[in-house]
Number of protein chains: 4
Amino acid sequence: MREQQMLDAAVRIFGQRGYMAASMDEIAELAGVSKPLVYLYLTSKECLFTACIRREAAALTAAVRAGVRPDLPADRQLWDGLRAFFAHTAEHPDGWSVLHLQARTHGEPFAAEVAAMRAEIVAFVTRLVVVAAREAHRDPDLPEREVAGIAEALVGAAESLAAWANATPGVTARQSAATLMNFAWAGLSNLMRGHPWAPPPADS
Amino acid sequence: MREQQMLDAAVRIFGQRGYMAASMDEIAELAGVSKPLVYLYLTSKECLFTACIRREAAALTAAVRAGVRPDLPADRQLWDGLRAFFAHTAEHPDGWSVLHLQARTHGEPFAAEVAAMRAEIVAFVTRLVVVAAREAHRDPDLPEREVAGIAEALVGAAESLAAWANATPGVTARQSAATLMNFAWAGLSNLMRGHPWAPPPADS
Amino acid sequence: MREQQMLDAAVRIFGQRGYMAASMDEIAELAGVSKPLVYLYLTSKECLFTACIRREAAALTAAVRAGVRPDLPADRQLWDGLRAFFAHTAEHPDGWSVLHLQARTHGEPFAAEVAAMRAEIVAFVTRLVVVAAREAHRDPDLPEREVAGIAEALVGAAESLAAWANATPGVTARQSAATLMNFAWAGLSNLMRGHPWAPPPADS
Amino acid sequence: MREQQMLDAAVRIFGQRGYMAASMDEIAELAGVSKPLVYLYLTSKECLFTACIRREAAALTAAVRAGVRPDLPADRQLWDGLRAFFAHTAEHPDGWSVLHLQARTHGEPFAAEVAAMRAEIVAFVTRLVVVAAREAHRDPDLPEREVAGIAEALVGAAESLAAWANATPGVTARQSAATLMNFAWAGLSNLMRGHPWAPPPADS
DNA sequence: TATGAATGAGTTTTCATTCAT
DNA sequence: TATGAATGAAAACTCATTCAT
């Protein structure tokens, strides 16, 4: 459809130039249509950007979802999800730039949009952590906020690794995923087993 | 000095509006001076932004450095550094926005500036990981890229947690640091002990 | 066409205010269009000015060329050319100001543009002088630089007379041309006949 | 005196950059004084420019006057005056640029200033033409406007030659003067002898 | 007398956005 | 449905000019 061409062009331009530096002229030209048509379909620059964010967010979550089989064990689900995530971000650098950099850098309306997607992923990871605890025959007596923080950290680590892998030639999605699993899962399982890291007394 | 007022205002505006959306008019007004004066002291919007990045980067690394005592064990150093990091970013949200979001989103000259600071921090963490391995009586037979990836992930996790903590009321720097230590350090020590997470065979 | 309106306005403003003192605002207003439209058609102030210079130079040379019949004797050609020149500059004082004053006063790119036109005219006059010498059965044993200097002086005299005539009410193109022919042609023919003015000895 | 330094600097900057492109900052810096001092002595940019014009005009007329001895024959006076004129303009290119280009390009107040000087020179030349006619035992039955036009043309030719000589390396003041004398004087004397160039009938 | 510090007003230029067709 | 033509509003930057000392 005509609209998809426009979104393709917009994601490319937004991802490369940034939201503000991107010009509607350039987007229309790259899409091969006239500017008024872009406005007819997508109303305004803000709407167009929002549409880009939504589409790319949907594509990313779909890719991750498609990579995961919910009947497998939690660590395997995490491993599969991470590989799907790293593979997708590597294949769609402009889309990833829109989600990870541009959307968060230009004010509430956009940041909220991407925060929704992020929340979904964090929730998925949180569920995995809880399931893992159950699989380890341990009730998650970790306070909810602690689990949330952990999931947040894990997702943040994944996002950083994605950016790093995109910028470092020769790093594959598989390697990124393995690094993160190594780093994170072992820590998590330690946690599950009741060996948390003990902070020194508060006064220091 | 007058220049500091201007930088204060600029960090605030850049941090909230973003680099491109920030107008020199607004910055000058917030600083309580006239626009030409801003140009007299700071030459151009680019220079002003670069000066902001440098000042905030220096402040952040100084804060972390001041929080760490190099004669203590590696885990204690990491704990102290993280607390200092989370405390500083919580106290200077605009500065953190400039460094973490704005500087990375607006082209090489700025990204390079912040990449230098980040590299310094990643190197610090990498050193801690290696020292930790030594303290655990284990030679770091982890390949160099693996260590780099881990440090990258850890720093990324910290950055994400900082943003999350800034946006989630009631999360203290201490809690963020504890979450991350729990999450990361245990995983690391597992790794040190030679119990990496084993990925499933490649075909799957 | 719309572009012509803009050039008309630009020539008028540039001619009266000067290149630097002319503001794009004023030009757009006089042209009855919005400023962005001027930029759409003519790209920048420099381009606009260059376009003015080219158009006026072309118009002037065309007017002179149209006034001259190459099959007539040299003096008649000069006479006709001068009349055409004075008539055109009198009818287009702003265009003449752009060519004679503004373009030469504002840096190489513009000066070069008008120098090309001037060179064409000087070449035309030079050719007439040589032809006149041949018609007078005299080989032009005048050194080349001498001829060039004479042509230069003649063109300069014409330019000055044009400005003077523009500023002195009641002086017609015909009168200006006659004055210059009287002044110049007689001197030239004297020269041809081998009666140059003899400078006093060098020491004085 | 301090004021002379400032005028020196101003003439240089105005001559090279042009009136509008010249900045008071640059002038003050080149003069080695502070900007407020320039304003103290010379009131405003316009006044400063006017002062430059006046000084350079006075210097040029003084140089020409000093080169001429009123007791010599008219052609000798013209010859001497021209040599002085070409020598002075060659030695003071910035001053000449101010008078010949800048002052005439930036509106009435300045153009009037230089027109006064020019009128003085034209009057001097006109007087020479009249004297020459008398010396040739011929009453100047040339109409006054004709004589004025001739003087105007002669001065214009001189100005053009000066610019040309300044831009053409290797042309000396003496050569320029000789070229112009050859070109003009012979024509003039022809005129005196009652052999004007006869224009073709008006209808053509 | 001399100046460091400061600014109001104006410049060119760009861009999201909309009619008229 | 599609667009060529047009613009209102704003941004970065500069400069002649003036206080306060």
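FYI, side chains are in, hydrogens and waters are out, and symmetry mates aren't considered; it's all heavy atoms of this structure. Residue numbers start from 1 in every chain, and the chains themselves are labelled A, B, ... in the order their sequence lines are given, proteins ahead of strands.
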TODO: Taking only heavy atoms on the protein side, list every residue of residues 38-45 of chain D lying under 4.0 Å from any atom of DNA chain F, sorted numerically.
DONE: D:Y39, D:S44, D:K45
Task: Counterpart residues, side chain to side chain contact (heavy atoms under 4.5 Å, CB included), relative to C:A9 (two or more places apart) - done: C:I27, C:L30, C:A31
- [ ] Scan residues 41-53 of chain B for pairs that pass salt bridge (Lys or Arg N to Asp or Glu O under 4.0 Å), counting only residues two or more places apart or in two chains.
- [x] none
Are there any protein N/O atoms within less than 3.5 Å of an N/O atom in nucleotides 19-21 of chain F, and if so, which ones and at what distance?
none

Task: Stem regions touching DNA chain F, defined by at least 3 consecutive Watson-Crick or wobble G-U pairs below 3.5 angstrom - done: E:2-21 with F:2-21
Task: Residue list, side chain to side chain contact (heavy atoms under 4.5 Å, CB included) with A:A163, at least two apart or on another chain - done: none
Task: Results of side chain to side chain contact (heavy atoms under 4.5 Å, CB included) for D:Q5 - residues two or more places apart only - done: D:R2
For residues 96-103 of chain C, dump all side-chain donor-acceptor pairs below 3.5 Å to protein atoms at least two apart in sequence or in another chain.
| from | atom 1 | to | atom 2 | distance (Å) |
| --- | --- | --- | --- | --- |
| C:S97 | OG | C:G15 | O | 2.8 |
| C:H100 | ND1 | C:R104 | NH1 | 3.3 |
| C:Q102 | OE1 | C:Y19 | N | 3.4 |

TODO: Scan residues 48-60 of chain A for pairs that pass salt bridge (Lys or Arg N to Asp or Glu O under 4.0 Å), counting only residues two or more places apart or in two chains.
DONE: A:D8-A:R55, A:R54-A:E113
Open item on the list: My understanding is that only residues two or more places apart in sequence, or in another chain, count here; which of them pass side chain to side chain contact (heavy atoms under 4.5 Å, CB included) with D:A111?
Closed with: D:E108
Open item on the list: Please give me every residue in residues 10-23 of chain D whose heavy atoms get under 4.0 Å of an atom in DNA chain F, ordered by residue number.
Closed with: D:A22, D:S23
- [ ] Please collect all salt bridge (Lys or Arg N to Asp or Glu O under 4.0 Å) contacts where either partner lies in residues 13-27 of chain D, sequence neighbours excluded, each pair once.
- [x] D:R17-D:E26, D:D25-D:K35
